Amino acid sequence: MFEEFRKFETTLAGRPLVVETGKMAQLANGSCLIRYGETEILCTATMSDKPREGVDFFPLSVDFEEKLYSVGKIPGSFQRREGRASEKATLSARVIDRPIRPLFPKDMRNDVSVVATIMSVDQDCLPEITAMIGVSIAISISDIPWDGPIAGVSVGLVDGKFVINPTEEEREKSDMAVTVASTADLVAMIEAGANEVDDETMFDGIMYAHKENQKIVEFIRDITAQIGKKKIDFPSNDPDPEMFEAIKNFAIDDIKVALDTDDKRVRDERLKPIYEAVHAKFDEVYPEMEEKIDDCLYKTQKFVVRRWLLDEGKRVDGRDIDEIRPLNAEIDLLSRVHGSGMFTRGQTQVLSVTTLGSMADAQLLDGIDNQTSKRYIHHYNFPSYSVGETRPSRGPGRREIGHGALAERALLPVIPSVEEFPYTIRVVSEVLSSNGSTSQGSVCGSTLSLMAAGVPIKAPVAGISCGLITEGDRFMTMVDIQGLEDFFGDMDFKVAGTKKGITAIQMDLKIHGLTPAIIKEALAKTHKARNYILDEIMLPVIAEPRAELSKYAPKMLTTKIDPDKIGDVIGKQGKVIQKICAECNCKIDVEEDGSVFISSTVLEDAQRALNMVETIANDPEVGAIYKGIVTRLMSFGAFVEIAPGKEGLVHISQLDVKRVEHVEDCVNVGDEVIVKVLPIDDQGRLNLSRRDALIEVEGLTPEYTPEPRAPRKSGPRDHNRRGRH
């Protein structure tokens, strides 16, 4: 039997929030159509009947399905249908995944699939926020075991005031974009980008959003109370407590010795014989339970690390709780790239490389929002060798996309505007070695790389992570977590920023949520740590962006022309602009508003192209000197092209400082000559003087004074002379 159609309504940030159930996708364990403004999303949650065999994790998948019909677009691909998920869709899926995953039972092995299908988009009502709430409702009313609900909102800072779920216009003016998810009591997820916002303002914004979330949680609880299904039972995958205690007691002393080192390689080597000894003793005691034995060993390591931290304030590598691992920063490691920087923190090492390109290199976007391109692009690669594994490369996964986006968000507020620096900028972070917090290592390495490349960033950015261990009401935080503290801890709280303030936050949790006290402490510790990294490690290596670009980087010049002149610059079938590019060995991009971007590896070539463009787009200035090419010879003078499609007459009397009897005695077709622009005649024709240019530029002495000549008459050969070469 299908469920009865139900409709639930409330308001969120002054806009209607409507939830419909019992109408669509009723074969899923839980489903709803959620409408926020005119953003409409179908959210479903489905669980397999049986556990998946051979896995030691909870198999949850979260998909954010962008449908371009939702914004009235036809996909730009060859097949004209949606393909693999866009980066924006992947990031939206991760934002939903992170707060819901810790609320599922950790010992469950049934596959759970959560899908948010974006069917209509109102740009004032963010689809990722709407989807997060809809997913929470779909899981809550289903029979899938889950300790929810959660709710999520976005908070902006517009004219000094917090705004919940800012509209598209408000987002353009906002100094921060912070997504906060919450349970009834705790903050479950934070994802933030900000224009150097101070810690106190960021904390207040998070709490402002958390308060709004609690209202939505109550709304979802009311829906669940009315139509929610009873949660089903599932077979637990946890090892038997007696089995765990037996293995723990047998191996714990050896595990303590193995873990007590700052070298990941040494630790891994020490653990191998322990695993072998445990299996030799317990494989016969617990036959066909090798995976459970490994699980017990993992839990024993987790037990040791957490007890050390909570009870003794001891870290596996011997550091103090707020001590950062050994740091190192370098620049200029690669010869032919435009900029490079490497940042090392303990055994985490990231090399970032900056490449500068023309505005035509900007990334084109084909998504459900109104952003059509971006000129700052950050990519993050995590090869298997960085963790000593042999996994083949299969392209970036969700983790790589997410970490690249985090670094991009952290650095974007300090990237100069296109008017200040008319380049497309791509940074690639290559993780060379990983033992925790590579994303924040990529932020530091990328800052070094950008400054080495001569990108005039507004301020250097550093990043650091903060970990957490909780037990009941007890908690303790530690700065700069390494791999084991991430695996066995409860939180990875990543914060990037300048000396002035925060530019990005990403918080990953393994517990239900954080209290305000934990958030405030994490912000304070990361602030102090990133200032130390900037002052003591990064700025001594390169204090400010270089004044000059690499000789291998393109040199960029810009100008603005009358949009009505764009056609003249481009020419019929692009012939004019192609000729300029070929002659000057450059690239030229012309935008609809008349902005012109010229790039070349040789500055003189770019300058020559710029002069040509401005000559075509503007009337040549009287008295200006140009280099031109002789295109035609007449008995009365020579025609000289000073820019493609722009030529004028040098009368025979103006060809030289001495008297010229025949034009051919002085110049030939194809000669490069300097000319000076004379006053435009009554018919608007361009008149030039080689004689005056030679006197002014080369300092030649005139040998005669030409007699005033009669005005030039138009004749059959003089009509439409432009372009007849």
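Source: prediction; values computed, not measured.
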Indicate whether the side chain of [X] and that of [Y] have a donor and an acceptor atom separated by less than 3.5 Å.
| X | Y | value |
| --- | --- | --- |
| T477 | K525 | yes |
| Q214 | S182 | no |
| N237 | D107 | no |
| D294 | H279 | yes |
| S393 | S384 | no |
| E330 | N328 | yes |
| T44 | S31 | no |

Answer yes or no: is there a donor N or O on one side and an acceptor on the other, between the side chain of [X] and the main chain of [Y], under 3.5 Å?
| X | Y | result |
| --- | --- | --- |
| R306 | Q301 | no |
| D480 | R325 | yes |
| N213 | V180 | yes |
| T348 | N435 | yes |
| E400 | Y380 | no |
| S386 | F382 | no |
| S86 | A89 | yes |
| T90 | R398 | no |
| S449 | S446 | no |
| S48 | D111 | yes |

Heavy atoms of other groups near [X] [atom1], more than 12 under 6.0 Å:
| X | atom1 | answer |
| --- | --- | --- |
| R336 | CZ | no |
| R265 | CZ | no |
| D49 | CG | no |
| E389 | CD | yes |

Return the minimal non-hydrogen interatomic distance between [X] and [Y], and the atom names on each side.
| X | Y | value |
| --- | --- | --- |
| K494 | S439 | CD-OG, 3.1 Å |
| T503 | A410 | OG1-O, 2.8 Å |
| I321 | R315 | O-NH1, 2.7 Å |
| S429 | H378 | OG-NE2, 2.9 Å |
| L448 | G341 | CB-CA, 4.1 Å |
| A194 | M176 | CB-CB, 3.7 Å |

Within 45 degrees of the axis of the six-membered ring of F303 and under 6.0 Å from its centre: does K248 put its NZ or CZ there?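 Yes, K248 and F303 form such a contact.
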Does K302 make a cation-pi contact with F488 (under 6.0 Å, within 45 degrees of the axis)? no
Give me the ring orientation class for F282 and F250: parallel if the planes are under 30° apart, tilted from 30 to 60°, perpendicular past 60°. perpendicular
What is the distance from atom [atom1] of [X] to atom [atom2] of [Y], rounded to the nearest 0.5 Å?
| X | Y | atom1 | atom2 | result |
| --- | --- | --- | --- | --- |
| C466 | E485 | SG | CD | 10.5 Å |
| S434 | Q482 | OG | CD | 11.0 Å |
| I505 | M189 | CD1 | CE | 11.5 Å |

Thinking salt bridges, do [X] and [Y] make one under a 4.0 Å N-O criterion?
| X | Y | answer |
| --- | --- | --- |
| D268 | R270 | no |
| R109 | E53 | no |
| D143 | K231 | no |
| E408 | R426 | no |

Let me see the working for K314 and D320 under salt bridge (Lys or Arg N to Asp or Glu O under 4.0 Å), right down to the final yes or no. CA-CA 7 Å; K314 172 185 169 63; D320 290 337; over 6 Å; no
Going by side chain to side chain contact (heavy atoms under 4.5 Å, CB included), W308 matches just one of L310, V304, D311. Which one? V304
Among D535, I542, V541, I537, which residue meets the side chain to side chain contact (heavy atoms under 4.5 Å, CB included) test with L539?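 The residue from D535, I542, V541, I537 that satisfies side chain to side chain contact (heavy atoms under 4.5 Å, CB included) with L539 turns out to be D535.
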Show your reasoning for whether side chain to side chain donor-acceptor pair (under 3.5 Å) applies to S433 and Q347. CA-CA 6 Å; S433 178; Q347 290 181 313; over 6 Å; no
Is there side-chain contact between [X] and [Y], with at least one heavy-atom pair below 4.5 Å?
| X | Y | result |
| --- | --- | --- |
| I464 | R345 | yes |
| I247 | K299 | no |
| E291 | D56 | no |

Of D490, D486, D492, which meets salt bridge (charged side-chain N to carboxylate O under 4.0 Å, His left out) against K510?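 Only one of D490, D486, D492 forms a salt bridge (charged side-chain N to carboxylate O under 4.0 Å, His left out) with K510, namely D486.
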Criterion salt bridge (Lys or Arg N to Asp or Glu O under 4.0 Å) on D262 and R267, from CA distance to verdict: CA-CA 8 Å; D262 62 354; R267 182 183 309 122; over 6 Å; no
